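Just below is one structure, and these are the notes that go with it.
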Number of protein chains: 2
Amino acid sequence: MKGVYSYSMDNSLRILKEHDIRPTQQRLEVHLILLKQAKHLTAEEIYEKVKVKMPAISPATVYTILDLFKQKHVVNEIRIQFDKSCFEARIDPHHHFLCKHCRNIFDINIKPCPALETRTIEGNLIEELQGYFYGTCRKCLEKNDDKPV
Amino acid sequence: MKGVYSYSMDNSLRILKEHDIRPTQQRLEVHLILLKQAKHLTAEEIYEKVKVKMPAISPATVYTILDLFKQKHVVNEIRIQFDKSCFEARIDPHHHFLCKHCRNIFDINIKPCPALETRTIEGNLIEELQGYFYGTCRKCLEKNDDKPV
DNA sequence: TTAGTATCAATAATCATTCTTACCTAAAAA
DNA sequence: TTTTTAGGTAAGAATGATTATTGATACTAA
Ligand SMILES: [Mn+2]
Ligand SMILES: [Mn+2]
Ligand SMILES: [Zn+2]
Ligand SMILES: [Zn+2]
């Protein structure tokens with residue numbers, strides 16, 4: 001993660017161009033937000049952030065842009081929460097953890113993960129994978145906060 | 001899988017009792033359907049099947065029952081499809097594959113999977129996990145059916 | 001029996017996401 | 001420059017799976 005992404009509009013511009021995405025203002029803004037945050041944001045959260053700079057934008061536009069970004073592989077969509085999607089600029093396959101207590105979502109590194117290292121399983125071609133872990137995060141364990149929200 | 005489940009109402013009755021679930025007709029019926037199918041069924045599909053025997057039942061009841069079953073760990077819910085959940089009677093942790101072409105969902109066995117063998121990762125306590133794989137299944141590869149639906 | 005509790009069906013409500021439509025913009029063509 | 005064209009966007013309606021609510025019924029324990 002460190003240094004892989006830098007947070008300038010120039011960078012977003014370059015990345016969009018590299019992926020054959022016409023860089024409109026709205027698309028640049030959405031992409032920059034994801035780059036800057038380096039977090040997992042819902043469409044709603046992204047919409048709220050874009051609206052600060054572009055008050056006229058609509059949620060549907062954000063959804064459309066995220067959909068395009070997904071197809072062009074400039075964002076990763078995760079469905080670790082049942083009721084809504086999150087998006088992130090990190091696109092290399094990696095797993096996620098959702099804490100039942102604090103509801104935080106963060107990346108998980110499984111040391112040698114066979115799932116991440118193979119292209120096929122039992123003859124089936126893997127084009128995408130998602131690993132979701134649910135439980136109690138380290139911080140909440142320390143707080144002895146055992147009951148889920 | 002072979003022989004682990006048998007498909008009688010007696011078996012459903014026993015399993016519900018073992019999990020402190022009062023065995024109503026509706027609950028037994030939903031459970032039996034999942035046992036018999038040994039597949040991944042949506043709430044809608046389960047509802048349609050229950051309705052054959054119990055025409056008065058409503059979708060909300062099926063959702064309520066599935067929710068109870070989840071809490072009591074007699075079913076496993078998988079969210080490999082973005083728009084709806086599937087349920088299965090198999091409750092030991094295992095991964096799933098969704099084929100983009102034929103839309104089939106099936107179990108995947110990762111030989112030694114560290115994720116399935118550990119209770120904590122980086123200090124975080126894992127209480128549940130889901131591994132979702134997306135791509136082209138063996139059968140569709142054989143058919144040389146390369147384009148997703 | 002009777003009060004208290006749990007379950008259920010039906011309906012309405014929720015709410016993230018998608019669809020539809022009309023307008024707008026920017027570049028290509030003339 | 002003017003016209004054409006394609007694509008992008010905003011707004012609001014529609015979708016559809018799931019959840020909440022509610023009133024009725026069935027079970028349970030004393
Ligand atoms: Mn991530
Ligand atoms: Mn399964
Ligand atoms: Zn936590
Ligand atoms: Zn297939």
Side-chain angles (χ1 to χ4, degrees), chain A residues 12-13 16-17 19-33 40-72 74-88 98 103 105 149, chain B residues 12-13 16-17 19-31 33 40-72 74-87 98 103 105 149:
Chain A
S12 286
L13 185 65
L16 295 199
K17 280 180 177 172
H19 288 83
D20 289 312
I21 298 169
R22 200 164 83 184
T24 66
Q25 285 308 111
Q26 289 86 342
R27 291 170 179 176
L28 281 168
E29 196 56 39
V30 168
H31 190 262
L32 185 60
I33 284 164
H40 311 93
L41 297 176
T42 64
E44 163 83 18
E45 286 166 343
I46 294 166
Y47 167 66
E48 290 301 334
K49 285 176 187 294
V50 183
K51 216 167 46 168
V52 174
K53 286 214 181 159
M54 313 181 82
I57 201 167
S58 87
T61 303
V62 174
Y63 279 104
T64 307
I65 291 173
L66 289 171
D67 222 55
L68 176 69
F69 284 4
K70 244 191 309 174
Q71 283 172 29
K72 299 287 190 173
V74 305
V75 301
N76 182 31
E77 178 178 14
I78 67 171
R79 297 254 179 176
I80 195 167
Q81 290 177 104
F82 284 3
D83 55 343
K84 61 181 89 95
S85 284
C86 291
F87 300 84
E88 61 178 336
L98 168 62
R103 308 300 297 171
I105 297 170
V149 183
Chain B
S12 285
L13 184 65
L16 294 199
K17 280 180 176 170
H19 289 84
D20 290 312
I21 298 169
R22 200 167 79 185
T24 65
Q25 285 307 110
Q26 290 86 344
R27 291 171 180 176
L28 281 168
E29 196 57 38
V30 168
H31 190 262
I33 283 163
H40 311 93
L41 298 177
T42 64
E44 164 81 19
E45 286 166 345
I46 294 166
Y47 166 66
E48 290 299 335
K49 285 176 187 292
V50 183
K51 217 167 47 168
V52 174
K53 286 215 178 159
M54 314 181 83
I57 201 165
S58 86
T61 303
V62 174
Y63 279 106
T64 307
I65 291 172
L66 290 170
D67 222 54
L68 176 68
F69 283 5
K70 243 193 309 175
Q71 283 171 28
K72 299 287 189 173
V74 304
V75 300
N76 182 32
E77 178 178 14
I78 68 171
R79 298 252 179 179
I80 195 167
Q81 290 176 104
F82 284 4
D83 57 341
K84 61 181 91 94
S85 285
C86 292
F87 300 85
L98 168 61
R103 307 301 296 172
I105 297 169
V149 183

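The chains referred to below are lettered A, B, ... by the order of the sequence lines, with proteins before strands, and numbering in each begins at 1. On a predicted model such as this, the values are computed, not experimentally measured, just so you know.
Here the nucleotide nearest the side chain of Arg22(B), chosen from dT7(C), dT9(D), dT17(C), is dT7(C). Checked against dA10(D), dT19(D), dA16(C), the side chain of Ile57(A) finds its nearest nucleotide in dA10(D). Residue Arg27(B) places its side chain closer to dC8(C) than to any other of dC27(D), dT9(D), dC8(C). The side chain of Asp67(B) lies closest to dT19(D), out of dT19(D), dA10(D), dT18(C). Nearest to the side chain of Thr61(B), among dT9(D), dT11(C), dA9(C), sits dA9(C). Taking every side-chain heavy atom of Thr24(A) into account, dG8(D) is the closest of dG8(D), dA16(C), dT18(D). Taking every side-chain heavy atom of Ser58(A) into account, dA10(D) is the closest of dA10(D), dC19(C), dT18(D).
As rounded to whole Å, 17 Å separates atom P of dT15(D) from atom NZ of Lys84(B). Distance, Asp83(A) CG to dA13(C) C1': 16 Å, rounded to whole Å. We find that CD of Gln81(B) is positioned 10 Å from P of dT18(D), with the value rounded to whole Å. We find that CG of Leu41(A) is positioned 15 Å from P of dA16(C), with the value rounded to whole Å. Atom OH in Tyr63(A) sits about 5 Å away from atom C1' in dT17(C), given to the nearest Å. For Ile65(B) and dC8(C), the CD1 to C1' distance is 9 Å, given to the nearest whole Å. Separating the NE2 atom of His31(A) from the P atom of dG8(D) is a distance of 16 Å, rounded to the nearest angstrom. dT18(C) atom P lies 14 Å from atom CG of Leu68(A), rounded to whole Å.
No side-chain donor-acceptor contact under 3.5 Å links Glu29(A) to the backbone of Gln26(A). A donor-acceptor pair under 3.5 Å is formed between the side chain of Glu45(A) and the backbone N or O of Thr42(A).
Remark: Arg27(B) fails to qualify as a cation-pi partner of Phe69(B) under the 6.0 Å distance and 45° angle criteria applied to the six-membered ring.
Looking at heavy-atom distances under 4.0 Å, Thr64(B) makes no contact with the nucleic acid at all. Residue Thr42(B) is out of contact with every strand shown, counting any heavy-atom pair closer than 4.0 Å. Among the heavy atoms of the strands lying under 4.0 Å from Ala60(A) is at least one base atom, whether or not backbone atoms are also near.
Residue Gln26(B) places at least one side-chain N or O under 4.0 Å from the OP1 or OP2 atom of dA9(C).
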